[in-house]
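Here the structure is laid out as structure tokens; the discussion comes afterwards.
The basis for the numbers below is simple: all heavy atoms, side chains too, and nothing from hydrogens, waters or symmetry mates.
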Amino acid sequence: MKRLFDFFTGTVFVELCGTSPERFFNVCRSRKIPLYEVSTRVTDKGTVYVAKLKLRDYFRVRSVAKKAHCIPYVRKRLGLPFFIKKYRNRIAFFAGGIYCFWLIWLLSRFVWDISVTGGFVHTEEELLSYLRETGVACGMRCEEINCTEIERRLRIDYPDIGWVSAELRGTKLFLRVAETDMPMLQEENNTPVHLVATADGMVERLVCRRGTPLVKEGDVVKKGDILVSGIISVIGDNDVEVNRYPVAADADITLKTVKQYAHSFPRKTEEKHFTGETKNGFEFSYGNKKIFSHMPSHSYTNYAIITEDAVLSLHEHFPLPFRVQKRTVSEYVPEVRDYTKEEAECVAKQALDRYLAYLANNNTTVLSAKTETVVGADTVKTEGKLLLLAEAWEQVAVQEDEWRLGNADEYSRDNDEPTGGA
């Protein structure tokens with residue numbers, strides 16, 4: 001704090017040359033003029049004293065130096081007063097600096113970037129579009145951002161998002177979400193349905209919550225077989241069915257099924273050999289408005305455009321609304337060639353791995369995969385069988401004639417007998 005105060009008030013270092021420096025120090029002490037960092041050094045003129053004092057005290061010691069027959073030579077000046085005096089003719093420079101700090105402060109009052117992480121089912125574009133619909137977008141004031149309200153709305157409108165965090169740091173809004181595999185809360189389905197197999201297989205697991213199970217674990221079923229019936233029978237005395245009523249069947253069913261896998265692609269492939277000839281273009285934008293754009297002209301027949309995008313920022317959490325894009329147009333010469341056998345098998349394996357990853361992301365367990373790749377002259381084919389563990393069933397509506405009994409009861413009056421006598 002003392003150093004900061006000295007900087008604003010100003011300090012000087014003086015060198016005392018004279019016949020009575022001791023008298024100078026005594027008078028300064030009697031007049032309560034503080035001297036700091038007093039030291040001596042030997043010069044060609046003899047021993048001289050060096051002292052530090054405040055700028056306001058320097059004007060007081062001049063009379064003291066005259067009385068003590070000493071000359072206080074100023075050797076060094078430090079502080080804001082000397083800085084202002086030195087640059088007093090550069091008003092435009094200081095005005096520009098003040099304006100720059102004011103502009104940075106003004107820009108820090110707005111949100112210029114929104115980061116979304118953690119989403120898989122719900123993409124970043126989808127969540128950003130949702131935020132825009134709810135009034136949260138780049139360019140709004142920071143004090144208008146209510147992180148608690150954003151979290152509450154996301155949890156209500158996206159029940160499959162188990163955890164969400166909204167945090168404002170500087171001029172950047174961080175939105176982190178964690179999706180859950182738990183099923184969405186839905187209204188109870190009152191439409192009567194059967195649960196029907198969608199593929200041939202064997203029942204690996206069956207847990208029935210509503211309905212009548214028609215198969216058990218270990219049974220072999222075919223596509224179209226009813227696994228859990230949406231009709232419940234009421235059994236009376238002597239095991240006689242007295243009534244039926246339909247329900248929406250509900251159960252956890254897992255089938256072990258065999259799926260045929262087939263994939264093919266041309267053996268010929270096109271490769272790009274870049275010649276090294278490039279053209280560069282730039283684009284500057286403020287927010288969503290383009291300030292300057294330059295796209296170079298070229299005569300390339302085959303070319304690729306590579307775009308590099310950067311956001312100007314003062315800090316990791318202080319992005320500015322200025323964006324710079326660099327576009328590079330590179331010429332290439334296409335060359336068509338055949339995959340080698342090793343390359344073709346590698347491409348086929350990558351396609352199979354992508355498909356297996358797709359099945360895993362859709363709650364399907366791959367127990368085994370037996371495939372064979374045949375590299376032909378024009379086509380590469382991969383065929384085989386996949387042993388899967390999946391929920392291979394669907395809902396089928398229950399028809400009315402399935403659950404109504406043939407014998408009419410006395411309450412429905414659904415018969416051909418007369419209801420009265422003459």
Side-chain angles (χ1 to χ4, degrees), residues 92-147 150 154 164-177 269-336:
F93 172 78
F94 290 104
I98 295 173
Y99 175 75
C100 180
F101 282 109
W102 175 83
L103 184 61
I104 292 176
W105 174 83
L106 179 64
L107 293 176
S108 67
R109 308 295 296 173
F110 297 86
V111 176
W112 299 116
D113 191 18
I114 300 177
S115 172
V116 179
T117 57
F120 180 76
V121 176
H122 303 290
T123 62
E124 179 180 0
E125 292 75 12
E126 178 186 355
L127 295 178
L128 289 177
S129 176
Y130 169 80
L131 291 177
R132 284 193 294 269
E133 293 175 358
T134 57
V136 179
C138 293
M140 64 184 304
R141 292 181 176 272
C142 293
E143 55 266 22
E144 296 176 358
I145 298 291
N146 189 336
C147 295
I150 293 174
L154 279 171
V164 59
S165 171
E167 182 181 7
L168 183 62
R169 294 184 186 176
T171 60
K172 190 171 185 178
L173 176 64
F174 291 86
L175 185 66
R176 303 178 183 89
V177 298
T269 180
E270 182 181 285
E271 293 186 345
K272 301 176 181 179
H273 294 279
F274 289 91
T275 62
E277 296 291 332
T278 60
K279 296 284 187 179
N280 294 324
F282 297 91
E283 179 181 298
F284 299 91
S285 59
Y286 171 77
N288 296 324
K289 297 181 180 179
K290 293 182 181 180
I291 301 177
F292 172 76
S293 180
H294 168 65
M295 191 65 185
S297 59
H298 59 84
S299 58
Y300 304 149
T301 304
N302 300 290
Y303 58 91
I305 300 178
I306 301 175
T307 302
E308 300 178 23
D309 190 67
V311 178
L312 299 182
S313 60
L314 300 178
H315 186 264
E316 178 185 0
H317 305 313
F318 196 167
L320 298 176
F322 301 101
R323 186 179 298 269
V324 181
Q325 269 192 358
K326 178 184 177 183
R327 297 176 182 174
T328 303
V329 182
S330 301
E331 182 187 24
Y332 69 86
V333 177
E335 179 183 346
V336 179

In sequence, state the C-alpha distance, the side-chain angles, and the governing distance for Val111 and Glu144, and then conclude on side-chain contact (heavy atoms from CB on, under 4.5 Å). CA-CA 10 Å; Val111 176; Glu144 296 176 358; over 6 Å; no
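- Contact annotation: the side chain of Thr171 never approaches that of Leu107 to less than 4.5 Å [non-hydrogen atoms, C-beta and beyond].
- Ring-plane geometry between Phe322 and Tyr286 is classed as tilted, the angle between the planes lying from 30 to 60 degrees on a 0 to 90 degree scale.
- In this structure, CG in Leu175 is found 8.0 Å from OG in Ser165, a value given to the nearest 0.5 Å.
- When all heavy atoms are compared, the tightest approach of Met140 to Val136 is SD-CA, 3.6 Å.
- Here the shortest heavy-atom pairing between Gly170 and Cys142 reads O-SG, 3.9 Å.
- When side chains are defined from C-beta on, Ile305 counts as touching Met295, because their heavy atoms get closer than 4.5 Å.
- Ring orientation note: the planes of Phe110 and Trp112 are tilted relative to one another, at an angle of 30° to 60°.
- At least one side-chain heavy atom of Leu320 sits under 4.5 Å from a side-chain heavy atom of Phe318.
- Residues satisfying the side-chain contact (heavy atoms from CB on, under 4.5 Å) criterion with Glu331, sequence neighbours excluded, are Thr275, Glu277, Tyr300.
- To the nearest 0.5 Å, atom OG1 of residue Thr328 and atom CD of residue Glu308 are 5.5 Å apart.
- Residue Leu168 holds its CG atom at 11.0 Å from CG of Asn146, rounded to the nearest 0.5 Å.
- The salt bridge (Lys or Arg N to Asp or Glu O under 4.0 Å) pairs that include a residue from residues 167-177 are Asp113-Lys172, Glu167-Arg169, Glu167-Arg176, where partners are two or more places apart or lie in different chains.
- Residue pairs meeting the salt bridge (Lys or Arg N to Asp or Glu O under 4.0 Å) criterion with at least one partner in residues 130-142, sequence neighbours excluded, are Arg141-Glu143.
- Ile150 has its side chain within reach of Ile145: a pair of non-hydrogen atoms, C-beta onward, lies under 4.5 Å apart.
- Here Lys279 contributes atom NZ and Ser299 contributes atom OG; the two are 8.0 Å apart, rounded to the nearest 0.5 Å.
- When all heavy atoms are compared, the tightest approach of Ser293 to Glu283 is OG-OE1, 3.6 Å.
- The structure places CZ of Arg323 at 9.5 Å from CG of Leu312, a figure rounded to the nearest 0.5 Å.
- Here SG of Cys138 is found 8.5 Å from CG of Leu173. Values are rounded to the nearest 0.5 Å.
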Quick one, His273 with Tyr332, criterion side-chain contact (heavy atoms from CB on, under 4.5 Å). Give me CA distance, side-chain angles, the key distance, then yes/no. CA-CA 5 Å; His273 294 279; Tyr332 69 86; 5.8 Å; no
